[in-house]
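All ligand and atom numbering here is 1-based and tracks the order in the structure.
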Amino acid sequence: MIRLIDICKNYVVGDTVVKALDKVSIDIKDNSFTAITGHSGSGKTTLLNIMAGYTKCDEGLYLYDNKVVNDFDSKMMTDFFRNEVGMIFQEFHLLPYLNVYENIRLPLIYQKKNIDKSFLDKQLNMVGLKGYGNFRPDQLSGGQKQRVAIARTLVSGVKVVLADEPTGALDRKNASNIVKLLADLRNYGVTVVIVTHDEKIASQAERVIVLENGHVVSK
Ligand SMILES: Nc1ncnc2c1ncn2[C@@H]1O[C@H](COP(=O)(O)OP(=O)(O)O)[C@@H](O)[C@H]1O
Ligand SMILES: [Mg+2]
């Protein structure tokens, strides 16, 4: 479980201090599907990046499975990125000269595991891309590219998927299908948190947390 307690994060730009997050406390239960929503600049990305371990908070406590992430050393952080939490973004960040198989096995390159094709096919099935292993990104639609990005996150066996505006580059129908796919990841024991400024997308989640100027106003 993810537990954030009184998280504060400031950005200092010149003489100005931006309070991006001000005493934010939330719990995310295992195997749940949560949306974080709010206007642009409300602190959504900052909050997600803290959960991902990319950004350190200035104050507060981040507990992951009762372990204090604030105190993780670099080795523990590396394990955390590899095995626990994965991220997807609005842009898909696929490598254009690699096919789908090669893109999704990238995270495993540093883990000296033997990866057979049937394992990769299983990952592609999970995201509804059976038979697309040999396609290159430029042969796929936006929705299909996002599916590849999700499969790439899942190959390492992470337990939590954090998605920052994952539907921002997609039309309404593809957006809705991607959110359905993310919701279905719960069937594989995955916990999902998406950030979106789109209320319609947020309403597809089982729980909606609303941020306003760095404060949680509804959870
Ligand atoms: N790297 C940064 N440096 C300075 N200010 C930042 C930085 N990142 C975010 N901010 C500011 O923090 C606030 C929250 O930003 P962000 O978390 O990106 O919000 P959201 O994702 O909801 O749009 C905004 O006022 C933004 O301008
Ligand atoms: Mg953002």
Worksheet item: Strictly by modelled atom types, are Asp171 and Asn174 linked by a side-chain donor-acceptor pair under 3.5 Å?
Response: yes
Worksheet, complete the sentence: atom 6 (C) of ligand 1 has as its nearest protein heavy atom Tyr11 CD1, 3.2 Å
Worksheet entry | atom 20 (P) of ligand 1 - nearest protein heavy atom and its distance | Gly41 N, 3.5 Å
Worksheet item: Is Glu165 in contact with ligand 1, taking contact as a heavy-atom separation below 4.0 Å?
Response: no
Item to complete: Let me see the working for Phe72 and Tyr64 under ring pair (Phe, Tyr, Trp, His ring centres under 6.0 Å), right down to the final yes or no.
Response: CA-CA 11 Å; Phe72 279 10; Tyr64 180 89; 7.9 Å; no
Worksheet item: Which heavy atom of the protein is the closest neighbour of atom 22 (O) of ligand 1, given with residue, atom name and distance?
Response: Lys44 NZ, 2.8 Å
Worksheet item: What residue and atom, counting heavy atoms only, is the protein's closest point to atom 27 (O) of ligand 1, and at what distance?
Response: Val18 CG1, 5.0 Å
Discussion item. Distance to the ring centre below 6.0 angstrom and angle to the axis at most 45 degrees; does that hold for Lys9 and Tyr11?
Written reply: yes
Discussion item. Please classify the Val13 to ligand 1 contact at 4.0 Å (heavy-atom distances, strictly less than): side chain, backbone, both or neither.
Written reply: side chain
Worksheet, complete the sentence: Note: His39, heavy atoms under 4.0 Å from ligand 1, region reported as backbone
Fill in: Protein contact to atom 17 (O) of ligand 1 [nearest heavy atom, distance to 0.1 Å]
Thr46 OG1, 2.5 Å
Discussion item. Which residue in the set Asp30, Asp65, Asp27 passes salt bridge (Lys or Arg N to Asp or Glu O under 4.0 Å) when paired with Arg3?
Written reply: Asp27
Discussion item. Taking the side chain as everything from C-beta on, heavy atoms only, tell me whether Leu182 gets closer than 4.5 Å to Ile88.
Written reply: yes
Worksheet item: Hey, is there an N, O or S on Ser40 sitting under 2.8 Å from the Mg ion (ligand 2)?
Response: no
Worksheet item: Should Gly43 be listed as contacting ligand 1, given a heavy-atom distance under 4.0 Å as the test?
Response: yes
Worksheet item: Within the structure, does at least one protein heavy atom fall under 4.0 Å of atom 3 (N) of ligand 1?
Response: yes
Fill in: Polar side-chain atom of Asn70 near backbone of Tyr62 as donor-acceptor pair, under 3.5 Å
yes
Response to the item:
shortest atom 18 (O) of ligand 1-to-protein heavy-atom contact is with Thr45 CB, 3.7 Å
Item to complete: May I ask you to check whether Tyr132 and Asn99 show a side-chain donor-acceptor distance below 3.5 Å?
Response: no
Item to complete: List the atom of Pro107, the atom of Ser156, and the distance in Å for their closest heavy-atom pair.
Response: CB-OG, 4.4 Å
